[in-house]
Number of protein chains: 2
Amino acid sequence: MSEKHQLTLKDIAKELGLAVSTVSRALKSHPDISEETIKLVKDYAEKHHYVPNLLAVNFRKSKTFNIGLIIPELVHQFFSSIISGVLSESNAHGYNVMICQSNEHVEDEKKVAKALLNSRVDGVIISLSNETTEVAHLEEFLAAEIPVVQVDKIIETFDTPKVIVNDFSGAHQAVTELIKKGYHKVAHIRGRLNVQHSNERFRGYAEALKEHGKDYPDSYVKICKDLTKEEGYEFAKSLMESKNPPDAIFCVTDLVALGVMQYLKQHHIHVPDEVGVIGFSNWQLGEIISPTLSTVHQPGFELGEKATSLLIEKINNGLASPNEQVVLDADLIVRESVRS
Amino acid sequence: MSEKHQLTLKDIAKELGLAVSTVSRALKSHPDISEETIKLVKDYAEKHHYVPNLLAVNFRKSKTFNIGLIIPELVHQFFSSIISGVLSESNAHGYNVMICQSNEHVEDEKKVAKALLNSRVDGVIISLSNETTEVAHLEEFLAAEIPVVQVDKIIETFDTPKVIVNDFSGAHQAVTELIKKGYHKVAHIRGRLNVQHSNERFRGYAEALKEHGKDYPDSYVKICKDLTKEEGYEFAKSLMESKNPPDAIFCVTDLVALGVMQYLKQHHIHVPDEVGVIGFSNWQLGEIISPTLSTVHQPGFELGEKATSLLIEKINNGLASPNEQVVLDADLIVRESVRS
DNA sequence: GTGAAAGCGCTAACAA
DNA sequence: TTGTTAGCGCTTTCAC
């Protein structure tokens with residue numbers, strides 16, 4: 001049974017004494033075609049393992065059923081989760097996903113965008129690189145009537161559907177939890193001033209305190225540059241050695257929180273009794289360390305799912321359809337690093 | 001400048017008073033075509049942003065320049081690295097990658113295999129799910145003359161190119177290092193008996209000891225079922241509380257090693273002075289904990305790269321070409337958990 | 001209810 | 001050196 005020649009509609013038509021068009025319609029159960037013919041054709045196709053040549057179908061319909069996904073870095077739990085969500089949703093709708101990495105470089109981003117444009121994907125989902133400040137390379141997609149959806153790392157002014165995480169609410173939940181659990185002096189180790197995520201988290205922190213009639217001295221807010229464990233350690237040291245040490249520290253990301261925890265442990269300051277700690281991002285490490293780390297979970301999978309469903313809608317309804325912006329809530333995960 | 005109608009060869013031909021075939025060949029700088037014509041056509045194409053319709057080209061050549069990648073789980077550092085390698089190598093050769101997850105379920109694996117078969121990828125790279133014991137669903141690719149390459153999780157008897165990691169050598173390096181650093185009584189917490197990786201690592205352990213004239217009592221080899229931190233903790237406990245406690249523990253994976261380290265720390269057994277610890281896999285956590293964990297790095301990226309280059313070779317040379325098996329070395333990474 | 005035929009955009013064998 | 005033509009496999013309009 002040599003598979004040399006893939007079975008085509010023509011083959012089936014000839015074999016069954018029908019016209020190609022009849023066979024084509026029969027396989028789709030077109031109402032014009034009689035029950036018998038449909039059955040005849042379908043049985044034959046089944047029996048001989050007919051597989052439609054998608055290359056031809058795509059060409060004919062000028063549609064690939066491929067969507068392109070551009071992300072900064074694959075080897076990163078958050079982005080892996082996003083991809084996972086994209087795959088799940090797109091496969092459910094018969095789309096395949098072509099994944100490309102920008103490696104956080106705008107040049108790479110341009111290169112892969114070009115490649116996706118050439119391979120005629122039906123739509124594109126992108127999470128921008130840190131370097132990206134303008135989107136001419138992405139506007140080419142729109143010019144070619146290929147819809148684009150932005151996810152997580154977005155440019156506000158680029159008019160496409162967007163899916164982002166509510167950093168404000170995540171931070172707000174975290175700090176509210178600390179206050180509820182009886183911590184009175186909450187410090188915050190935050191990220192850079194020019195990063196939107198950091199600013200939103202800081203806003204959540206400040207707002208939650210305010211709502212509970214609390215304030216924070218300037219010395220309670222530390223600014224991380226690189227979000228490392230070492231920075232966490234150093235800032236914990238400076239906070240705890242100050243005249244007015246906090247009894248809780250909310251950190252912009254888990255790795256920083258880990259540094260904080262290491263400082264506290266080394267200096268025999270008990271977590272969570274003496275000091276409560278909450279991180280952000282829900283990295284795997286939080287479950288592994290001891291005590292386990294409370295954190296704010298960013299719904300990567302759902303982000304990917306939602307972006308994909310928006311994209312598919314856009315593919316079906318055309319570029320002119322309205323550009324929704326979806327904000328997904330981050331969820332607080334309470335673990336041992338906070339009093340129960 | 002409405003982009004409504006994509007420019008085609010026909011358009012260019014009509015505009016320039018040439019035949020479609022001439023234009024086609026000119027764009028490829030075919031030797032038959034005169035310099036002038038080539039220049040004329042190329043300039044026109046350039047000026048009017050001609051983009052070849054890949055859908056048509058692919059159809060014509062019945063080639064997609066897509067390769068399929070099936071992996072168990074995206075959200076896993078090791079697999080992310082593999083993917084990264086696949087992307088890098090395939091993009092360098094003009095291929096796009098369609099990624100699918102099996103979620104470690106053979107049913108999902110079959111489903112995505114079907115989808116890839118339908119979308120007429122030019123080749124497939126697969127890392128098998130844990131549940132997969134037979135490969136009928138993959139043989140369909142070969143039947144359709146679509147080459148397959150297996151990576152990491154393979155089935156020996158399925159005759160395709162294969163790329164795997166040398167677990168034996170990784171374990172051997174680790175245990176040799178322990179011995180060299182003056183540890184005399186090396187225990188091993190291993191994985192299940194029916195898992196090839198575990199067996200190879202155990203073999204490396206036993207062989208390294210033997211080469212240095214050392215032996216191990218049966219009580220020094222513990223078998224993990226689920227490779228958890230908790231198992232590591234328990235086995236460390238049972239080893240250290242025994243009459244003849246080891247002075248080094250080589251663990252089948254980093255998470256188990258973490259459990260071991262936690263036990264040792266809690267019982268004030270100094271690492272690395274009193275007991276040396278080495279893990280396997282080079283998870284991120286190893287750099288984060290204190291003391292940092294020595295481990296064996298599995299070259300995921302290189303695995304992906306190599307698998308891809310083998311696949312592309314196979315795509316170009318046909319299924320009949322020989323099926324190479326490549327074994328990549330794992331590298332020992334020495335950190336603080338071993339005496340220096 | 002079924003068939004004939006055109007055509008999607010491109011390539012390549014053959015002709016001129 | 002260039003043009004003509006057929007055809008890849010499928011969908012779809014129009015005719016019977």
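Proteins get letters first, then strands, A, B, ... in listed order; numbering begins at 1 in each. Side-chain atoms are counted along with the backbone in the values below, which use heavy atoms only and exclude waters and symmetry mates.
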Next item on the list: To the nearest Å, give me how far apart CD1 (B/Ile38) and P (D/dT2) are.
Entry: 9 Å

Next item on the list: Mind listing the closest non-hydrogen atom pair of B/Lys314 and B/Pro161 along with its distance?
Entry: CD-CG, 4.0 Å

Check: Do we see a donor-acceptor contact under 3.5 Å between the side chains of A/Thr37 and A/Ser34?
Finding: yes

Notebook entry, point to check: Phosphate oxygens OP1/OP2 of D/dG3: is one of them under 4.0 Å from a side-chain N or O of B/Thr22?
Noted result: yes

Check: Of the candidate nucleotides C/dT11, D/dT2, C/dG3, which contains the atom at the shortest distance from the side chain of A/Arg25?
Finding: C/dG3

Notebook entry, point to check: Has A/Lys42 got its NZ or CZ under 6.0 Å from the middle of the six-membered ring of A/Tyr44, at an angle within 45 degrees of the ring axis?
Noted result: no

Notebook entry, point to check: Roughly, in whole Å, what's the span from CG in B/Leu9 to C1' in C/dC8?
Noted result: 13 Å

Item checked: Test: B/Asp43 and B/Lys39 ion pair at under 4.0 Å -> yes

Margin query: What is the separation between atom CG on A/Asp32 and atom C1' on D/dT13, rounded to the nearest whole Å?
Written below: 12 Å

Next item on the list: Would you tell me if any nitrogen or oxygen in the side chain of B/Ser34 comes within less than 4.0 Å of OP1 or OP2 on D/dT1?
Entry: no

Notebook entry, point to check: Which of these, B/Lys110, B/Glu109, B/Lys114, sits in a side-chain hydrogen bond (donor to acceptor under 3.5 Å, both in side chains) with B/His137?
Noted result: B/Glu109

Note to self: Rounding to an integer number of Å, can you tell me how far B/Ile33 CD1 sits from D/dT2 C1'?
What the structure shows: 6 Å

Margin query: Any heavy-atom pair between the side chains of A/Ile70 and A/Ile125 that's under 4.5 Å?
Written below: no

Item checked: B/Lys28 side chain near C/dA12 phosphate (N/O to OP1/OP2, under 4.0 Å) -> no

Note to self: Just to be sure I understand the rule, does B/Lys63 reach a base, reach only the sugar-phosphate, or reach nothing, if contact means heavy atoms closer than 4.0 Å?
What the structure shows: nothing

Item checked: From C/dC10, C/dT11, D/dT12, nucleotide with atom closest to B/Thr8 side chain -> C/dC10

Check: Do any N or O atoms from the side chain of B/Glu131 and from the backbone of B/His105 form a donor-acceptor pair under 3.5 angstrom?
Finding: no

Note to self: With the threshold set at under 4.0 Å for non-hydrogen atoms, list the residues of residues 12-21 of chain B touching DNA chain D in residue-number order.
What the structure shows: B/Gly17, B/Leu18, B/Ala19, B/Ser21

Next item on the list: Let me know the distance between NE2 of A/His30 and C1' of D/dT11, rounded to the nearest Å.
Entry: 11 Å

Margin query: Looking at C/dG1, I'd like to know if its phosphate oxygens (OP1 or OP2) sit under 4.0 Å from a side-chain N or O belonging to A/Thr37.
Written below: no

Checklist line | Rounded distance in Å - CG (B/Leu27) to P (C/dC10) | finding: 9 Å

Item checked: D/dG7 phosphate, OP1 or OP2, under 4.0 Å from A/Lys10 side-chain N/O -> no

Check: To the nearest angstrom, how far is B/Leu40 atom CG from D/dT1 atom C1'?
Finding: 14 Å

Note to self: Donor-acceptor check, side chain of A/Lys162 to backbone of A/Val326, threshold 3.5 angstrom: yes or no?
What the structure shows: no

Check: With a distance cut-off below 6.0 Å to the six-membered ring centre and an angular limit of 45° from the axis, does A/Lys61 pair with A/Phe59 as a cation-pi contact?
Finding: no

Notebook entry, point to check: Which parts of residues 53-60 of chain A get close to DNA chain D, meaning a heavy atom less than 4.0 angstrom away?
Noted result: A/Asn53, A/Ala56, A/Val57, A/Phe59, A/Arg60

Notebook entry, point to check: Reckon A/Tyr50 has a side-chain N or O less than 4.0 Å from the OP1 or OP2 of D/dG9?
Noted result: no

Notebook entry, point to check: Under a 4.0 Å N-O cut-off, is there an ion pair linking B/Glu104 with B/Lys153?
Noted result: yes

